[in-house]
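Right, one structure below, let's go through it.
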Amino acid sequence: MDVGGALREIADCSVLTDAGAVAGYLVDWTGRWRGGPAIVARPRTAPAVAAVVRACAAAGVPVVPQGGNTGLVAGAVPPAGAVVVSLTGLDAIGEVSDGAVVAGAGVTLAALESFAAARGLTCGLALASGESATVGGAAATNAGGAEVLRYGTARARIAGLRAVLPDGAVLDRRRPPVKDNTGYDLVDQLVGSEGTLAVITDVTWRLEPAPRERTVLALAFGSLPDAVAAVPRLRGLPGLLALEWSDGAAVARVAAHIDSPAPLPTDGCWVFAELDAPLSEASEVAELLPDQRIAVGVGAEDRARLWRYRARTTEAVNAAGVPVKLDVGVPLPRFAAAQAAVVRAVREVAADAAFPVEPVLFGHLAEGNVHVNLLPGASAPDRRFPEELAVRLEAAVLEQVLAHGGTISAEHGIGRAKRAWLERQRGGAQVALMRRIKAAWDPAGLLNPGVLVD
Ligand code: MLT
Ligand code: ZN
């Protein structure tokens, strides 16, 4: 029996093969990365996931786990002939116990956050894509987001998990003892493994007390170096939850996209700060940063109104064309210089190719993280870079980032998109060790082949 036939025999699982039905599973969010043809399996229980993986192992067919498909590095785009295992049907949320809850891999971050909020808690992971991004995807990619400063990355939120190994066996560490010093930490190994070692079916998620009062501040600085220079003072703000930034041009782009004029000038650089503190304390910002142009959001609507100038950047970028997306990090002392060098290098490559490019820069200031999005100018055919130019633009950015002591991926991961660069940052010996780890978990190489390591 072919793998499609075997999958159709599995209880609690639907199988999609029709080109129209599978199309959305084969392409990433930006439209740059496309894969397939592939079959899509949609199991609804963990045993059904195990049966799918077993059937694929028996047929020697690659398996690509996929959550909300909001990744940005082609980590869930299937190679031809693979089976995409969509986990969104595993959407049950259990009871809170020991401060953590077991959630099915397909539970969205928005659903987890409203479950937590109803109990006076927060999941502590704030992604702009939270309505679609899932806890399984967040675990598999060690997702970051806006509140890493307070709550850490997904790794810090994960107390346990259950996963299906490449041969279909189940690893169940949903409720490990809080203190458990018994050998290698297999849960931690799976966090950030990008679906290359096992298929995560459930995540035990640590919840935290929800901030009682939130205040959002938007601050307009004259330039990025000015904004970076203010970071030590901004870190002194009471109850700091998030410290984000956007280049003024990026804010202006969002303002045009949402058709809502920005409340502050956009000729420099904006910083967004979210505080777990009432306005009276937040007004300390005026003492910390006298003469600063500031907009303040207190009520939920006002806060959302300010945040959208940062949170809707990706959407505004995607509406303008197919971007080359990079997600780099540079230590703060070299942050502004690295960015100037990146923009210079990108403009040189674009000028050499006589191709218009529009850099859109924004990210997570507290961690020195910048999302370098490069859009083809309005005159570019199909609003898309030719692939050869896209590769040169990526190289221009990543060379500068490495030269400034930074990381080629601060939060989006390696996927297929950055694999060729992994060794440049981590070195041959570490990548060789990663390959041996991959081979130990997945000797047949059937789980998300081509992602992270080849
Ligand atoms: C963000 O911080 O908004 C996300 O990482 C999405 C993106 O980089 O496009
Ligand atoms: Zn981000």
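The shown structure was predicted, so the numbers you read here are calculated from the model rather than taken from an experiment. Below, each value reflects all heavy atoms present in this structure, side chains not excepted, and no hydrogens, waters or symmetry copies. Every number for a ligand or one of its atoms is a count from 1 in the order of the listing.
For ligand 1 and Lys325, the ligand atoms under 4.0 Å from any heavy atom of the residue are 7 (C), 9 (O). Numbered from 1 in the order shown, with element, the atoms of ligand 1 that lie under 4.0 Å from a heavy atom of Glu411 read 2 (O), 5 (O). Of all atoms in ligand 1, numbered sequentially from 1 with element shown, those under 4.0 Å from a heavy atom of His371 are 1 (C), 2 (O), 4 (C), 5 (O), 8 (O).
Within Glu411, the N/O/S atom positioned nearest the Zn ion (ligand 2) carries the name OE2.
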Go through it in stages, so that I can follow the logic: the residues are Glu394 and Arg32, the test is salt bridge (charged side-chain N to carboxylate O under 4.0 Å, His left out), and I'd like the CA-CA distance, side-chain angles, deciding distance and then a yes or no.
CA-CA 13 Å; Glu394 273 169 357; Arg32 179 173 173 202; 2.7 Å; yes
Under the salt bridge (charged side-chain N to carboxylate O under 4.0 Å, His left out) criterion, do Glu208 and Arg157 qualify, and how do the steps go?
CA-CA 9 Å; Glu208 300 289 340; Arg157 313 266 29 95; 2.6 Å; yes
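Using a 30° and 60° split on the angle between ring planes, His371 and His364 fall in the perpendicular class, above 60°.
If you check which protein heavy atom lies closest to atom 9 (O) of ligand 1, you get Thr314 OG1, 2.6 Å. Scanning the protein heavy atoms around atom 8 (O) of ligand 1, the nearest turns out to be His412 CE1, 3.0 Å. Nearest protein heavy-atom neighbour of atom 1 (C) of ligand 1: Arg310 NH2, 3.5 Å.
Residues Arg305 and Glu301 are paired through a salt bridge, judged by an N-O separation under 4.0 Å between the basic side chain and the carboxylate. One finds no salt bridge joining Arg44 and Asp91 here, because no Lys/Arg side-chain nitrogen approaches an Asp/Glu carboxylate oxygen to under 4.0 Å. Salt bridge present: Arg253 and Glu358 bring a charged side-chain N and a carboxylate O closer than 4.0 Å. Between Arg214 and Glu147, at least one side-chain N (NZ, or NE/NH1/NH2) sits under 4.0 Å from a carboxylate O, which counts as a salt bridge.
Residue contacts to the Zn ion (ligand 2): His364 brings an N, O or S atom closer than 2.8 Å. Backbone or side-chain N, O or S atoms of Asp327 do not reach the Zn ion (ligand 2) at under 2.8 Å.
At least one heavy atom of His364 sits closer than 4.0 Å to an atom of ligand 1. Residue Leu72 places a heavy atom under 4.0 Å from ligand 1.
Aromatic rings from Phe335 and Trp245 are positioned such that their centres are separated by under 6.0 Å.
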